[in-house]
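One structure below.
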There are 2 protein chains.
Amino acid sequence: MSDLTIGDVARESGIKINTIRFYEDRGLLPAPPRSAGNRRLYDPAAVARLRFIRHARELGFGLPAIADLLRLAGHPEAPCAAADAIARTQLAEVEARIRSLSALRAELQRMADCGAHSAADCRVLESLGDHSLCAGPHES
Amino acid sequence: MSDLTIGDVARESGIKINTIRFYEDRGLLPAPPRSAGNRRLYDPAAVARLRFIRHARELGFGLPAIADLLRLAGHPEAPCAAADAIARTQLAEVEARIRSLSALRAELQRMADCGAHSAADCRVLESLGDHSLCAGPHES
DNA sequence: GCTTGCTCCTCGAGTGACTGGAGATGTTAC
DNA sequence: GTAACATCTCCAGTCACTCGAGGAGCAAGC
């Protein structure tokens with residue numbers, strides 16, 4: 001009987017009220033029952049579900065992938081291969097992002113370093129104008 | 001007198017036609033003169049400007065930052081400190097993104113690794129549900 | 001001169017994942 | 001009773017595009 005308001009749930013899950021309603025709209029969170037005054041009344045389990053969503057979002061999962069994971073979580077028997085595949089896909093994407101950002105970092109470091117000298121030596125704008133200056137491997 | 005069509009410019013800059021028009025709308029590219037039939041007629045300099053924009057986008061700069069850089073590029077006298085500051089800000093953001101993604105990678109690797117055993121051992125969903133399992137440094 | 005096929009035009013909607021605000025209503029404390 | 005706050009629905013805006021509809025310009029072939 002410990003019903004929670006959307007504000008309580010927002011505080012405990014760390015997700016904003018508007019975002020919780022958005023997740024409900026997107027089907028990530030089931031629509032809860034309402035009070036006589038039309039307020040949403042949440043079960044404590046909703047907090048766990050929202051924490052799950054939040055953590056998955058922090059890991060970079062998109063909402064459709066999270067919906068998949070939540071569906072899998074509802075069937076504890078043998079969902080593991082599917083969940084694992086989702087995680088591996090995500091891992092590959094994260095690794096690709098890291099590789100790409102590392103190349104960008106190298107280039108930005110070069111840009112920032114050369115700016116320390118004099119205005120005449122500044123190559124920030126030249127760097128951006130001439131991609132051939134890049135040593136990075138992120139060219140198509 | 002070597003006027004270029006938007007299609008020429010798109011090919012040479014590697015930016016899609018729609019995106020070029022979008023950049024024009026956002027003020028990153030000045031509106032070019034038009035032909036008798038209302039087609040945009042570009043100066044070859046537009047290609048260089050678009051390459052600059054494309055490269056800056058690849059480096060993760062947002063459009064407002066790129067607009068700043070383009071404005072600075074128009075004043076070659078002493079704009080360097082400002083351009084340098086923009087580059088340094090960008091570098092800090094890229095480094096933060098790399099740090100955060102590295103933590104995510106570690107967690108996803110742990111998730112993907114444990115999935116290799118049996119369904120009963122799978123911790124992908126538990127990992128997402130319980131943030132305390134994270135070894136990563138990315139908790140508030 | 002007419003058709004075919006390509007390019008280009010504007011405008012508007014859609015993406016993802018929210019965020020914020022307006023205006024109305026419910027709830028609580030004093 | 002009333003003031004303050006929480007919540008409701010709905011809608012617009014963000015960023016950086018992307019796509020499509022419906023129409024018009026343009027070059028080449030017949």
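Below, chain A is the first sequence line, B the second, and so on; all start at residue 1.
- OP1 or OP2 of D/dA16 has not a single side-chain nitrogen or oxygen of B/Thr19 nearer than 4.0 Å.
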Protein-nucleic acid N or O pairs under 3.5 Å, nucleotides 21-25 of chain C:
none

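- Between A/Glu12 and A/Pro44 there is no side-chain heavy-atom pair separated by less than 4.5 Å.
- To the nearest angstrom, C1' of D/dT18 lies 14 Å from CG of B/Asp25.
- Atom-to-atom, CG of A/Leu50 to P of C/dC18 comes out at 11 Å; the value is rounded to the nearest Å.
- Formation of a donor-acceptor pair under 3.5 Å by the B/Arg39 side chain with backbone atoms of B/Ile6 is not found in this model.
- The side chain of A/Arg34 places an N or O atom within less than 4.0 Å of a non-bridging phosphate oxygen (OP1 or OP2) of D/dT9.
- Rounded to whole Å, atom P of D/dA6 lies 16 Å from atom CG of A/Leu4.
- Closest approach of B/Ile20 to B/Ser13, counting heavy atoms only: CD1-OG, 4.4 Å.
- Among D/dT18, C/dA17, C/dT27, the nucleotide with an atom closest to any side-chain atom of A/Leu63 is C/dA17.
- Here C/dC9 is the nucleotide among D/dA16, C/dC18, C/dC9 with the atom lying nearest to any side-chain atom of B/Arg40.
- Ranking C/dC18, D/dC17, D/dC8 by closeness to the B/Tyr23 side chain, first place goes to D/dC17.
- The shortest side-chain heavy-atom distance between B/Tyr23 and B/Thr19 falls under the 4.5 Å cut-off.
- For B/Glu24 and C/dC9, the CD to C1' distance is 12 Å, given to the nearest whole Å.
- For A/Ser35, no side-chain nitrogen or oxygen approaches OP1 or OP2 of C/dG26 to under 4.0 Å.
- The heavy-atom pair separating B/Leu29 from B/Ala46 by the smallest distance is CD1-O, 4.4 Å.
- Comparing B/Lys16 and B/Gly62 by the nucleotide of DNA chain D that holds the closest heavy atom to each, the one mapping nearer the 5' end is B/Gly62.
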